[in-house]
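To keep things clear, I will list the structure first and then write my remarks on it.
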Amino acid sequence: MKRVLHKKTGVSLYLVLAVILFLGAFRAEVLKISLYPLFREVQFRIIEYKTKDFGVRETEHFIIKYQEADQEVIELVAEASEKHYDEASRLLNYYPKKKTTVVIYEDPTKLMKNANLRQGKPPMGVYYASTIQILSPRQWIPENTDMKEIFMNEGPMVHEFTHLLVDDLTRGNYPLWFTEGVALYQEYVHTGYEWGKGLEYEEAPYDVAQLTNDFHELDEMLAYKRSFEMMKSMVENNGSEDLNKILRELGKGEDFEKAHEKVFDKTVETIYK
(Lines give C-alpha, C1' and ligand atoms only; values in the text may rest on other atoms or scores of the structure.)
Protein backbone atom coordinates (compact mmCIF):
# COMPACT_ATOMS: atom_id res chain seq x y z
CA MET A 1 0.00 0.00 0.00
CA LYS A 2 2.76 2.45 0.92
CA ARG A 3 4.67 1.73 -2.29
CA VAL A 4 1.61 2.35 -4.44
CA LEU A 5 0.93 5.66 -2.71
CA HIS A 6 4.52 6.79 -3.15
CA LYS A 7 4.44 5.79 -6.77
CA LYS A 8 1.23 7.68 -7.47
CA THR A 9 2.50 10.73 -5.63
CA GLY A 10 5.69 10.66 -7.67
CA VAL A 11 3.79 10.32 -10.93
CA SER A 12 1.49 13.19 -9.95
CA LEU A 13 4.45 15.40 -9.12
CA TYR A 14 6.11 14.68 -12.45
CA LEU A 15 2.82 15.37 -14.23
CA VAL A 16 2.44 18.72 -12.47
CA LEU A 17 6.03 19.69 -13.30
CA ALA A 18 5.52 18.63 -16.91
CA VAL A 19 2.45 20.85 -17.21
CA ILE A 20 4.29 23.77 -15.61
CA LEU A 21 7.25 23.39 -17.98
CA PHE A 22 4.91 23.03 -20.97
CA LEU A 23 3.10 26.25 -20.09
CA GLY A 24 6.37 27.96 -19.25
CA ALA A 25 7.64 27.24 -22.74
CA PHE A 26 4.98 29.63 -24.02
CA ARG A 27 5.01 32.18 -21.20
CA ALA A 28 8.01 32.76 -18.96
CA GLU A 29 5.78 34.51 -16.42
CA VAL A 30 3.73 31.33 -15.94
CA LEU A 31 6.86 29.33 -15.25
CA LYS A 32 8.03 31.95 -12.76
CA ILE A 33 4.84 32.12 -10.69
CA SER A 34 4.45 28.32 -10.79
CA LEU A 35 7.91 27.57 -9.44
CA TYR A 36 8.16 30.54 -7.07
CA PRO A 37 6.09 29.02 -4.22
CA LEU A 38 8.30 25.91 -4.29
CA PHE A 39 11.45 28.02 -4.16
CA ARG A 40 10.04 30.11 -1.32
CA GLU A 41 9.09 26.99 0.64
CA VAL A 42 12.67 25.73 0.45
CA GLN A 43 13.91 29.07 1.80
CA PHE A 44 11.32 28.94 4.57
CA ARG A 45 12.47 25.46 5.64
CA ILE A 46 16.05 26.69 5.84
CA ILE A 47 15.02 29.55 8.14
CA GLU A 48 13.03 27.10 10.26
CA TYR A 49 16.11 24.91 10.63
CA LYS A 50 18.38 27.84 11.50
CA THR A 51 15.98 28.95 14.26
CA LYS A 52 15.00 25.49 15.53
CA ASP A 53 16.39 26.23 18.98
CA PHE A 54 14.46 29.48 19.43
CA GLY A 55 11.58 29.76 21.87
CA VAL A 56 8.07 29.91 20.43
CA ARG A 57 5.10 32.11 21.32
CA GLU A 58 1.93 31.54 19.29
CA THR A 59 -0.90 34.01 18.83
CA GLU A 60 -4.09 33.66 16.80
CA HIS A 61 -2.36 34.47 13.51
CA PHE A 62 1.38 34.40 14.20
CA ILE A 63 4.17 32.07 15.36
CA ILE A 64 6.82 34.21 17.04
CA LYS A 65 10.30 32.77 17.52
CA TYR A 66 12.67 34.40 19.98
CA GLN A 67 15.79 33.89 22.08
CA GLU A 68 16.01 33.97 25.85
CA ALA A 69 17.29 37.55 25.96
CA ASP A 70 14.08 38.78 24.34
CA GLN A 71 11.58 37.19 26.70
CA GLU A 72 10.79 40.64 28.09
CA VAL A 73 9.63 41.95 24.69
CA ILE A 74 7.82 38.89 23.36
CA GLU A 75 4.39 40.07 24.52
CA LEU A 76 4.97 43.46 22.93
CA VAL A 77 5.84 41.84 19.60
CA ALA A 78 2.82 39.55 19.91
CA GLU A 79 0.51 42.50 20.51
CA ALA A 80 1.99 44.52 17.64
CA SER A 81 1.72 41.54 15.29
CA GLU A 82 -1.98 41.08 15.92
CA LYS A 83 -2.97 44.75 16.22
CA HIS A 84 -3.41 45.51 12.51
CA TYR A 85 -3.75 41.97 11.13
CA ASP A 86 -7.43 42.31 10.20
CA GLU A 87 -7.09 45.83 8.82
CA ALA A 88 -4.05 45.05 6.66
CA SER A 89 -5.58 41.83 5.35
CA ARG A 90 -8.96 43.47 4.71
CA LEU A 91 -7.45 46.25 2.61
CA LEU A 92 -6.01 43.66 0.22
CA ASN A 93 -8.95 41.27 0.65
CA TYR A 94 -6.61 38.42 1.53
CA TYR A 95 -6.03 36.46 4.73
CA PRO A 96 -3.08 34.01 4.82
CA LYS A 97 -4.14 30.37 5.09
CA LYS A 98 -1.53 29.58 7.74
CA LYS A 99 0.05 31.42 10.64
CA THR A 100 2.86 33.82 9.77
CA THR A 101 6.27 33.16 11.31
CA VAL A 102 8.01 36.10 13.00
CA VAL A 103 11.64 35.73 14.08
CA ILE A 104 13.17 38.14 16.63
CA TYR A 105 16.96 38.54 16.54
CA GLU A 106 19.09 39.83 19.37
CA ASP A 107 22.13 39.75 17.09
CA PRO A 108 21.96 42.12 14.06
CA THR A 109 24.60 40.05 12.27
CA LYS A 110 22.46 36.92 12.44
CA LEU A 111 19.45 38.84 11.14
CA MET A 112 21.49 40.07 8.17
CA LYS A 113 22.82 36.60 7.44
CA ASN A 114 19.52 34.74 7.73
CA ALA A 115 17.67 37.35 5.66
CA ASN A 116 20.37 37.13 2.98
CA LEU A 117 21.36 40.78 3.40
CA ARG A 118 25.03 41.18 2.54
CA GLN A 119 25.71 44.82 3.32
CA GLY A 120 24.30 48.00 4.80
CA LYS A 121 22.83 48.90 8.17
CA PRO A 122 20.72 46.16 9.83
CA PRO A 123 17.03 46.99 9.32
CA MET A 124 14.35 47.04 12.01
CA GLY A 125 12.62 44.34 10.03
CA VAL A 126 12.69 42.48 6.73
CA TYR A 127 10.37 40.13 4.89
CA TYR A 128 12.19 37.08 3.60
CA ALA A 129 11.17 33.53 2.71
CA SER A 130 7.58 33.77 3.96
CA THR A 131 8.82 35.06 7.33
CA ILE A 132 8.92 38.43 9.08
CA GLN A 133 12.39 38.80 10.60
CA ILE A 134 12.90 41.68 12.99
CA LEU A 135 15.65 43.15 15.09
CA SER A 136 14.76 43.10 18.78
CA PRO A 137 13.23 46.47 19.76
CA ARG A 138 15.75 46.45 22.61
CA GLN A 139 18.46 47.01 20.00
CA TRP A 140 17.06 50.10 18.27
CA ILE A 141 14.65 51.84 20.65
CA PRO A 142 16.56 54.22 22.97
CA GLU A 143 16.51 53.66 26.71
CA ASN A 144 14.31 55.94 28.83
CA THR A 145 11.71 56.14 26.04
CA ASP A 146 8.30 54.52 25.73
CA MET A 147 9.23 51.28 23.98
CA LYS A 148 5.65 50.17 23.54
CA GLU A 149 4.46 53.40 21.96
CA ILE A 150 7.41 53.55 19.57
CA PHE A 151 7.25 49.90 18.54
CA MET A 152 3.49 49.87 18.06
CA ASN A 153 3.46 53.02 15.94
CA GLU A 154 6.86 53.06 14.25
CA GLY A 155 7.86 49.40 14.32
CA PRO A 156 8.09 47.12 11.28
CA MET A 157 5.16 44.75 11.80
CA VAL A 158 2.53 46.29 9.47
CA HIS A 159 5.10 47.02 6.78
CA GLU A 160 6.64 43.55 6.68
CA PHE A 161 3.31 41.74 7.00
CA THR A 162 2.10 43.68 3.96
CA HIS A 163 5.12 42.45 2.00
CA LEU A 164 4.04 38.90 2.84
CA LEU A 165 0.48 39.57 1.65
CA VAL A 166 1.71 41.07 -1.63
CA ASP A 167 4.18 38.23 -2.14
CA ASP A 168 1.49 35.61 -1.57
CA LEU A 169 -1.01 37.26 -3.89
CA THR A 170 1.42 37.93 -6.75
CA ARG A 171 3.66 34.88 -6.32
CA GLY A 172 6.68 37.14 -6.43
CA ASN A 173 5.64 38.82 -9.68
CA TYR A 174 6.11 42.53 -8.91
CA PRO A 175 8.71 45.32 -9.10
CA LEU A 176 10.31 46.24 -5.77
CA TRP A 177 8.95 49.80 -5.68
CA PHE A 178 5.40 48.47 -6.00
CA THR A 179 5.48 46.25 -2.90
CA GLU A 180 7.26 49.01 -0.98
CA GLY A 181 4.58 51.47 -2.03
CA VAL A 182 1.79 49.15 -0.85
CA ALA A 183 3.58 48.50 2.48
CA LEU A 184 4.21 52.19 3.12
CA TYR A 185 0.61 53.00 2.27
CA GLN A 186 -0.64 50.38 4.74
CA GLU A 187 1.55 51.93 7.44
CA TYR A 188 0.13 55.35 6.64
CA VAL A 189 -3.48 54.15 6.77
CA HIS A 190 -3.24 52.03 9.92
CA THR A 191 -0.59 53.73 12.07
CA GLY A 192 -0.46 57.27 10.70
CA TYR A 193 3.24 56.90 9.91
CA GLU A 194 4.16 58.75 6.70
CA TRP A 195 7.45 57.92 5.04
CA GLY A 196 9.59 60.94 4.16
CA LYS A 197 7.22 63.45 5.71
CA GLY A 198 8.86 66.84 5.48
CA LEU A 199 11.10 65.73 2.60
CA GLU A 200 10.25 68.17 -0.17
CA TYR A 201 11.21 68.62 -3.82
CA GLU A 202 10.06 70.94 -6.62
CA GLU A 203 9.58 68.24 -9.24
CA ALA A 204 8.87 64.51 -8.87
CA PRO A 205 12.36 62.95 -8.91
CA TYR A 206 11.54 59.55 -10.43
CA ASP A 207 8.98 58.09 -12.81
CA VAL A 208 7.63 54.53 -12.97
CA ALA A 209 10.28 53.34 -15.41
CA GLN A 210 13.13 54.56 -13.20
CA LEU A 211 11.62 53.02 -10.07
CA THR A 212 10.99 49.73 -11.85
CA ASN A 213 14.35 49.38 -13.55
CA ASP A 214 16.81 51.17 -11.24
CA PHE A 215 15.33 51.11 -7.74
CA HIS A 216 18.56 50.05 -5.99
CA GLU A 217 20.59 52.72 -7.78
CA LEU A 218 18.31 55.61 -6.80
CA ASP A 219 18.46 57.79 -3.70
CA GLU A 220 16.84 55.56 -1.07
CA MET A 221 14.84 58.24 0.73
CA LEU A 222 13.48 59.74 -2.49
CA ALA A 223 12.75 56.35 -4.07
CA TYR A 224 10.74 55.18 -1.07
CA LYS A 225 8.94 58.51 -0.80
CA ARG A 226 7.98 58.43 -4.49
CA SER A 227 6.81 54.81 -4.13
CA PHE A 228 4.58 55.83 -1.22
CA GLU A 229 3.24 58.95 -2.95
CA MET A 230 2.44 57.13 -6.17
CA MET A 231 0.67 54.27 -4.41
CA LYS A 232 -1.26 56.64 -2.14
CA SER A 233 -2.42 58.68 -5.11
CA MET A 234 -3.41 55.59 -7.11
CA VAL A 235 -5.44 53.99 -4.31
CA GLU A 236 -7.12 57.20 -3.20
CA ASN A 237 -8.07 58.08 -6.78
CA ASN A 238 -9.20 54.61 -7.81
CA GLY A 239 -9.90 52.63 -4.64
CA SER A 240 -8.42 49.54 -3.04
CA GLU A 241 -10.56 47.26 -5.24
CA ASP A 242 -8.50 48.21 -8.29
CA LEU A 243 -5.29 47.63 -6.36
CA ASN A 244 -6.57 44.16 -5.50
CA LYS A 245 -7.40 43.47 -9.14
CA ILE A 246 -3.83 44.37 -10.10
CA LEU A 247 -2.39 42.08 -7.42
CA ARG A 248 -4.47 39.18 -8.68
CA GLU A 249 -3.55 39.79 -12.32
CA LEU A 250 0.10 39.71 -11.29
CA GLY A 251 -0.60 36.47 -9.43
CA LYS A 252 -1.79 34.93 -12.71
CA GLY A 253 1.58 35.73 -14.26
CA GLU A 254 0.51 38.88 -16.09
CA ASP A 255 3.18 41.42 -17.00
CA PHE A 256 3.19 44.48 -14.69
CA GLU A 257 2.27 46.96 -17.43
CA LYS A 258 -0.32 44.67 -19.02
CA ALA A 259 -1.92 44.02 -15.62
CA HIS A 260 -2.55 47.76 -15.26
CA GLU A 261 -3.82 48.06 -18.82
CA LYS A 262 -6.27 45.25 -18.11
CA VAL A 263 -7.60 46.88 -14.96
CA PHE A 264 -7.55 50.55 -15.99
CA ASP A 265 -7.29 50.46 -19.79
CA LYS A 266 -4.45 52.94 -19.31
CA THR A 267 -0.66 52.79 -19.30
CA VAL A 268 1.21 52.70 -15.99
CA GLU A 269 2.77 56.07 -16.80
CA THR A 270 -0.66 57.72 -16.80
CA ILE A 271 -1.79 55.91 -13.65
CA TYR A 272 1.22 56.68 -11.44
CA LYS A 273 2.19 60.34 -11.60
Side-chain angles (χ1 to χ4, degrees), residues 37 40-41 44 47-48 56-66 70 73-104 123-137 141 146-174 178-195 197 224 227-228 230-251 263:
R40 196 176 65 167
E41 180 65 19
F44 174 76
I47 296 299
E48 285 282 278
V56 175
R57 163 76 163 88
E58 288 200 40
T59 67
E60 184 178 359
H61 301 108
F62 295 87
I63 298 173
I64 305 170
K65 307 186 78 172
Y66 63 97
D70 281 315
V73 300
I74 187 65
E75 294 306 320
L76 172 59
V77 175
E79 182 179 351
S81 299
E82 289 287 351
K83 183 177 181 181
H84 299 292
Y85 172 87
D86 283 321
E87 296 170 336
S89 297
R90 191 183 312 120
L91 185 66
L92 301 187
N93 193 27
Y94 171 72
Y95 295 81
K97 294 178 181 178
K98 62 180 184 179
K99 292 186 179 184
T100 298
T101 296
V102 178
V103 185
I104 308 173
M124 291 188 299
V126 60
Y127 167 72
Y128 178 74
S130 297
T131 63
I132 297 172
Q133 307 197 50
I134 68 170
L135 186 62
S136 170
I141 296 179
D146 191 332
M147 179 182 289
K148 181 175 181 178
E149 181 181 359
I150 293 173
F151 189 75
M152 295 294 284
N153 296 307
E154 300 178 27
M157 303 312 300
V158 175
H159 188 101
E160 305 308 332
F161 180 60
T162 300
H163 282 319
L164 180 141
L165 299 179
V166 171
D167 202 38
D168 276 2
L169 285 166
T170 63
R171 297 187 176 192
N173 183 29
Y174 54 81
F178 182 78
T179 185
E180 292 297 348
V182 178
L184 291 168
Y185 181 69
Q186 286 261 44
E187 281 189 278
Y188 170 74
V189 170
H190 304 308
T191 71
Y193 177 77
E194 181 177 342
W195 176 273
K197 187 176 183 179
Y224 274 76
S227 299
F228 165 67
M230 289 163 62
M231 186 58 60
K232 179 175 180 289
S233 175
M234 190 278 283
V235 176
E236 292 184 350
N237 288 331
N238 300 283
S240 61
E241 288 186 8
D242 284 334
L243 170 60
N244 293 334
K245 290 177 183 177
I246 294 168
L247 291 168
R248 283 153 180 81
E249 287 296 327
L250 294 172
V263 174

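When a residue number appears, it is its place in the shown sequence, counting from 1.
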Which atom pair, heavy atoms only, marks the closest approach of [X] to [Y]?
X: Leu164; Y: Ser130; value: CD1-O, 3.6 Å
X: Ser81; Y: Met157; value: OG-CE, 3.2 Å
X: Ile64; Y: Ala78; value: CD1-CA, 3.4 Å
X: Glu187; Y: Gly155; value: OE2-O, 4.1 Å
X: Phe151; Y: Ile134; value: CZ-CD1, 4.1 Å
X: Thr59; Y: Lys99; value: O-NZ, 2.9 Å

Contact between [X] and [Y] at the side-chain level, heavy atoms closer than 4.5 Å - yes or no?
X: Met231; Y: Phe178; answer: yes
X: Arg248; Y: Leu169; answer: yes
X: Arg57; Y: Val77; answer: no
X: Leu247; Y: Tyr174; answer: no
X: Met124; Y: Leu135; answer: no
X: Glu48; Y: Lys65; answer: yes
X: Phe44; Y: Thr101; answer: yes
X: Leu92; Y: Ser240; answer: no

What distance separates [X] [atom1] from [Y] [atom2], expressed to the nearest 0.5 Å?
X: Leu250; Y: Arg171; atom1: CG; atom2: CZ; answer: 12.5 Å
X: Tyr95; Y: Arg90; atom1: OH; atom2: CZ; answer: 5.0 Å
X: His159; Y: Ile132; atom1: NE2; atom2: CD1; answer: 10.5 Å
X: Glu194; Y: Leu184; atom1: CD; atom2: CG; answer: 10.0 Å
X: Leu165; Y: Thr170; atom1: CG; atom2: OG1; answer: 10.5 Å
X: Leu76; Y: Met147; atom1: CG; atom2: CE; answer: 7.0 Å

State plainly whether the residues Asp168 and Lys98 are in salt-bridge range, i.e. N to O under 4.0 Å.
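No, no charged N to carboxylate O under 4.0 Å.
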Is Lys148 salt-bridged to Glu79, cutoff N-O under 4.0 Å?
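So Lys148 pairs with Glu79 through a salt bridge.
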Candidate pair Tyr128 and Ile47, rule side-chain contact (heavy atoms from CB on, under 4.5 Å), full reasoning
CA-CA 9 Å; Tyr128 178 74; Ile47 296 299; 4.2 Å; yes
Over 60° means perpendicular and under 30° means parallel, so tell me whether His61 and Tyr85 are parallel, tilted or perpendicular.
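Rings of His61 and Tyr85: parallel, under 30°.
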Could you check Met234 against Ile246 for side-chain contact (heavy atoms from CB on, under 4.5 Å), going step by step and ending with a plain yes or no?
CA-CA 12 Å; Met234 190 278 283; Ile246 294 168; 4.2 Å; yes
Give a yes or no answer on whether the side chain of [X] reaches the backbone of [Y] with a donor-acceptor pair at less than 3.5 Å.
X: Glu82; Y: Glu60; answer: yes
X: Asp167; Y: His163; answer: no
X: Glu160; Y: Tyr127; answer: yes

Decide if the gap between the ring center of Trp195 and the ring center of Phe228 is smaller than 6.0 angstrom.
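No.
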Assess whether atom CD of Glu241 is packed by more than 12 heavy atoms of other residues, nucleotides or ligands within 6.0 Å.
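It does not: Glu241 CD has 12 such atoms or fewer within range.
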Run the side-chain contact (heavy atoms from CB on, under 4.5 Å) test on Tyr185 and Leu91 for me, step by step, so that the C-alpha distance in whole Å, both residues' side-chain angles and the decisive distance to 0.1 Å come before the verdict.
CA-CA 11 Å; Tyr185 181 69; Leu91 185 66; 4.2 Å; yes
Between Glu180 and Ser227, a side-chain donor and acceptor under 3.5 Å:
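On atom types as modelled, these side chains do not qualify, holding no pair under 3.5 Å.
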Should Tyr66 and Ser136 be marked as a side-chain contact (heavy atoms from CB on, under 4.5 Å) after you check the CA-CA gap, both sets of side-chain angles, and the distance that decides it?
CA-CA 9 Å; Tyr66 63 97; Ser136 170; over 6 Å; no
